Amino acid sequence: MTKTEIRNEGMRIGGEIVFTDDVIEVKYPYTEEVIGTVPAGTAEHARKAFEIAANYKPKLSRYERSQILQRAGELIGERREYLAKWLTLELGICHQHAIYETKRAQDVYQFAAAQALNDDGEIFSCDLTHNGKERKIFTKREPVKAISAITPFNHPLNMVSHKIAPSIATNNCMVCKPTELTPLTAIALADILYDAGLPPEMFQIVTGLPQDIGKEMMVNEHIDIITFTGGVPVGKLIAETAGYKRQALELGGNDPLIVCNDLSDADLEKAATIAVAGATGNSGQRCTAIKRILVQESVADKFVPLVLEKAKKIKFGDPQDPETELGCVIHAQAAELFENRVFQAAKEGAEVLYHPERRGALLPPIVVDKVPHDSELVMEETFGPIIPIVRVPDNDEDVMAISNSTDFGLSSGVCTNDLNRAIAYINGLDVGTCNIWEQPGYRIETSPFGGIKDSGNAVKEGVTEAMKFFTNVKTYSLPWP
Ligand code: NAD
């Protein structure tokens, strides 16, 4: 392993670096070596951070916010190799995927820098009705007292960026508790933002175990908004605990790629490329990773060998090797759980076509065909680079019913050249997003994004929507026409 140091990090509270006696170890999934520590912070630390956030009233002009955001994006570019190195070390994804994540994060800041300049205030004339008046009503947006951000392990840079960039763009103060599994990148990001000119009160990082610090992140009196990305159980716990506080809950997914029977051989090749890339990108640990490939019966025999061929070509192994195309999942227990779901599916009649050996957290791109659509492997969120193929009837209505049969409703991809069928899927799938001829995960960082059912409470993220969500609209009227 080529690592130069162990990072013993502190929290970032009110411009100070805060350590505690107890620490949480951060491990490199590939070797299980300790590569860093963060403080085992408590509710007291979170309380202090929220106090600071609530008492600070940001006065940055739109221009200043935009400049900070733009500079932050540039700094991410300048520090790309450093960030990618630590993304690989704490998350275990391969260097190529880590580089990709840094570029996505840069996009977030580019969009937020542009959006910060945009005033979406509205004007309503009041002389519109028979009892109208010679007045005008105006709208303006105001920041809230404090925002609590709780983030997951799987995109340590981009997920935090999707919270903090819109927060800065709207002059808000945010306290973020990154996951205890991959907290180091969030801290590196905080330093980048301070270097870009952000007042430290506007973004603070606290770390700790959920049982010690989690509740304070939901109930602190200063919190107006909780923005959470993570799994369904914690999301539902927040919904129960946080009561009246405004919440964005971005939860798990079980996204299908639907491959229709109108495709030519060349189209099936294209669909197989999308399928394999979508199932294995970021080690399959994207909320929008392809978790089920639903292929219609009459093209399945042609399609499956194409998937198999592409999966076999993936170079998986040492995450730090720049040639590696697939690294680890977050830890060996997760890898084992997902592999066991494959074994269980095989007992239920699935055929395992490719399963090179798993080594700890290094889970290969396992290809499984003929998976029953109600097998746990494809009913639950299997958060790894498994490529499960479910053969489904040629009738689109049946495919939609199967697709909609899980508890999740995040995103979807459909490969068809028939516009009528495409529209039918867009209308018929119970999801937040439907991409025709793309991975479910396709988006730009400012387009609305978020799920329904167990995948989220339909509050959208993406820079533009998050900026609206993070603000209160105030209306005021003036006695002039
Ligand atoms: P998780 O729910 O285990 O943890 C998420 C965060 O919640 C972490 O910071 C964790 O420390 C915190 N947490 C855990 N218990 C808590 C408690 N009792 N109180 C307060 N905080 C608590 O999720 P994870 O395993 O880190 O992330 C993977 C999940 O995130 C997957 O389900 C994935 O689909 C989902 N995800 C969703 C999106 C989306 O936009 N919908 C994006 C990325 C990831």
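Every number for a ligand or one of its atoms is a count from 1 in the order of the listing. From a predicted model like this one, the values you see are computed outputs, not experimental measurements. Position 1 is the first residue of the sequence; numbering continues from there.
For ligand 1, none of its N or O atoms has an N or O atom of S455 under 3.5 Å away. Below 3.5 Å of separation, one finds no N or O of T229 facing any N or O of ligand 1. At least one N or O atom of F153, backbone or side chain, sits closer than 3.5 Å to an N or O atom of ligand 1. At a 3.5 angstrom cut-off on N or O pairs, L251 counts as close to ligand 1. Of the N or O atoms in G231, one or more lie within a sub-3.5 Å distance of an N or O in ligand 1.
Within a 4.0 Å radius of atom 2 (O) of ligand 1, the protein contributes at least one heavy atom.
Between the side chain of E90 and the backbone N or O of T88 there is no donor-acceptor pair closer than 3.5 Å.
By the criterion of a heavy-atom distance under 4.0 Å, the side chain of N154, and not its backbone, is placed next to ligand 1. Heavy atoms of E461 found under 4.0 angstrom from ligand 1: none, in either backbone or side chain.
Residue pairs satisfying the salt bridge (charged side-chain N to carboxylate O under 4.0 Å, His left out) criterion with at least one member in residues 166-186, sequence neighbours excluded, are listed as follows: K177-E180.
Judged purely by distance below 3.5 Å, without hydrogens or angles, the side chains of E44 and T42 never pair a donor atom with an acceptor atom.
Classified by interplanar angle (parallel below 30°, tilted 30° to 60°, perpendicular above 60°), the ring pair F343/H355 is tilted.
Of all protein heavy atoms, the one closest to atom 18 (N) of ligand 1 is L237 CD2, 3.4 Å.
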